[in-house]
Protein chains: 2
Amino acid sequence: MSDQRSASRTSASAAQPAAAGSNLLFLREEEIRSAQDLLFFAYRDFTNAADVILDEIGLGRAHHRCLHFIGRNPGLAVTDLLGLLRITKQSLARVLGLLVDEGYVAQSPGRADRRQRLLTLTERGQALERRLFEQQRDRLIAAYREAGSGAVEGFRRVMRGIMDDEARQYIDSADTSARGRKG
Amino acid sequence: MSDQRSASRTSASAAQPAAAGSNLLFLREEEIRSAQDLLFFAYRDFTNAADVILDEIGLGRAHHRCLHFIGRNPGLAVTDLLGLLRITKQSLARVLGLLVDEGYVAQSPGRADRRQRLLTLTERGQALERRLFEQQRDRLIAAYREAGSGAVEGFRRVMRGIMDDEARQYIDSADTSARGRKG
DNA sequence: CCATATACGTCAACAATGCTGACTCATTTT
DNA sequence: AAAATGAGTCAGCATTGTTGACGTATATGG
């Protein structure tokens with residue numbers, strides 16, 4: 001690979017606001033653009049961590065997302081899973097159908113509302129989800145160790161702030177139920 | 001939407017390690033799983049912020065990524081862009097070709113190595129990239145304000161720790177060149 | 001009880017964005 | 001002169017997202 005990249009970075013005339021002396025504004029913008037980089041690279045490599053295992057089994061990231069959210073919310077209804085993933089029912093059907101066919105996910109009718117198909121991981125699904133989890137866990141633990149324990153709280157606060165209200169509520173309720181364990 | 005979700009969260013038997021009393025391990029695992037959630041939702045909503053504008057123009061996220069990295073690294077060589085995005089030349093060609101055709105990106109032969117096609121944003125490309133940037137900027141600024149200035153450093157450190165070495169070097173070199181401004 | 005809404009599933013077609021493999025051409029390096 | 005590299009291109013395919021249109025079972029409200 002050539003060394004062009006680092007040689008030319010930030011030499012763009014566009015990065016300089018027209019007004020002179022507004023170095024604060026410049027730093028602010030650079031800070032934001034740097035955060036764009038952070039989100040792209042961290043997400044890319046974090047999701048990538050599970051890909052080798054997924055490839056072996058012939059599944060994709062979409063399947064992993066399902067396993068993750070079902071594992072985290074046993075008895076989740078299909079509508080709720082759709083709300084978390086923000087994809088269409090038809091997109092989910094392809095992915096979820098395979099997971100059910102291959103015995104990773106089980107469906108059972110809701111007792112209160114028998115129209116629902118509540119989703120849980122089978123033992124096989126739990127085993128797979130755990131293997132995938134461990135890959136990402138190792139990466140996160142290394143990151144946490146490097147960053148220092150004080151950094152984690154800041155990470156959580158900023159990430160929470162980036163997402164929209166609905167996602168925040170989900171995150172917050174997971175937090176409280178993890179500590180209080182009140183079902 | 002049903003309320004099944006919050007009712008059942010973390011009631012999975014799988015979340016409990018077999019050994020009793022290892023509550024530290026449990027909290028650790030919950031913390032990691034929560035970070036998985038954070039990455040998914042933050043990335044989802046962050047990228048989403050630019051989608052409305054992209055839709056109007058008939059471009060996608062892949063185009064945005066190109067505009068971002070070219071804008072941030074004027075004179076970037078194609079090989080280096082491929083290295084940042086980690087996609088194949090053929091995938092990039094589709095996306096980049098359109099950006100060039102539509103006048104968002106300009107190519108010019110390298111002086112040192114005339115095989116290279118160095119990439120820059122045209123004025124049109126800069127204008128579009130700015131519009132997209134502003135959407136994500138607003139989200140980040142709100143998140144930074146909510147999280148507090150102390151949180152930002154922690155965010156940056158953890159995100160940096162998640163990505164692989166090559167990406168870290170890129171991030172670090174951007175940091176130094178932004179302050180020192182030495183091309 | 002009946003009308004309407006909801007939860008879930010399904011078929012069909014299409015779009016965006018990844019991938020592999022195979023080649024060409026220009027230029028640089030050895 | 002030979003080999004490597006930077007860039008482009010064609011062809012085909014996989015994954016995962018989208019619309020639109022229906023069908024069925026169950027719940028809910030007048």
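Lettering of chains follows the sequences in order, A, B, ..., and the numbering in each one begins at 1.
Scanning atom types as modelled, one donor and one acceptor separated by under 3.5 angstrom connect the side chain of B:Arg94 and the base of C:dG18. Contact annotation: side chain of B:Lys89 to base of D:dG8, donor-acceptor pair present below 3.5 Å.
For A:Tyr43, the ring pair (Phe, Tyr, Trp, His ring centres under 6.0 Å) partners are B:Tyr43, not counting sequence neighbours.
Two residues, B:Gln90 and B:Arg117, neighbour DNA chain D, and the one matched to the more 5' nucleotide by heavy-atom proximity is B:Arg117. Positionally, the nearest nucleotide of DNA chain D for A:Leu59 lies more toward the 5' end than for the other of A:Leu59 and A:Asp113. Comparing B:Gly58 and A:Leu96 by the nucleotide of DNA chain C that holds the closest heavy atom to each, the one mapping nearer the 5' end is A:Leu96. The residue among A:Ala93 and B:Val95 whose nearest nucleotide of DNA chain C is located toward the 5' end is A:Ala93.
Between A:Arg86 and B:Asp45 there is a salt bridge, with a side-chain nitrogen of the basic residue lying less than 4.0 Å from a carboxylate oxygen of the acidic one.
Distance, A:Asp80 CG to C:dA7 P: 9 Å, rounded to whole Å. Summarising the geometry, the separation between CG on B:Leu82 and P on C:dT17 is reported as 16 Å, rounded to the nearest angstrom. Summarising the geometry, the separation between CD1 on A:Ile87 and P on C:dC8 is reported as 14 Å, rounded to the nearest angstrom. Whole-Å rounding puts the A:Asp51 CG to D:dA14 P distance at 18 Å. Protein atom CZ of B:Arg65 is 7 Å distant from nucleotide atom P of C:dT17, rounded to whole Å. Between the CD atom of B:Gln107 and the C1' atom of D:dG6 there is a distance of 12 Å, given to the nearest Å. For the pair B:Gln116 CD and D:dT5 P, the computed distance is 14 Å after rounding to whole Å. Per the geometry, CD1 belonging to B:Ile57 stands 14 Å off P belonging to C:dA16, to the nearest Å.
Among the nucleotides C:dT27, D:dA7, C:dG9, the one closest to the side chain of A:Val78 is C:dG9. Distance from the side chain of A:Arg115 is smallest for D:dA27 among the nucleotides D:dA27, C:dG9, D:dT9. Of the candidates D:dT16, D:dG8, D:dT26, D:dT16 carries the atom nearest the A:Ala62 side chain, counting heavy atoms from C-beta on.
Side chains of B:His68 and A:Asp37: a donor on one and an acceptor on the other come within 3.5 Å.
In terms of phosphate contacts, A:Thr79 brings no side-chain nitrogen or oxygen within less than 4.0 Å of OP1 or OP2 of C:dT6. Not one side-chain nitrogen or oxygen of B:Ser91 sits closer than 4.0 Å to the OP1 or OP2 atom of C:dT17. The shortest distance between the side-chain N/O atoms of A:His63 and the OP1/OP2 oxygens of D:dT16 is below 4.0 Å. For C:dC19, the OP1/OP2 oxygens have a side-chain nitrogen or oxygen of B:Thr88 closer than 4.0 Å.
Note: B:Phe155 and A:Phe155 have parallel aromatic rings, judged against thresholds of 30 and 60 degrees for the angle between ring planes.
A:Phe46 does not carry A:Arg139 over the face of its six-membered ring by the limits of under 6.0 Å from the centre and within 45° of the normal.
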Show your working on salt bridge (charged side-chain N to carboxylate O under 4.0 Å, His left out) between B:Arg156 and A:Glu31 and close with a plain yes or no.
CA-CA 10 Å; B:Arg156 299 179 58 82; A:Glu31 193 176 1; 5.6 Å; no
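Looking at heavy-atom distances under 4.0 Å, B:Arg61 makes contact with sugar-phosphate atoms alone, never a base.
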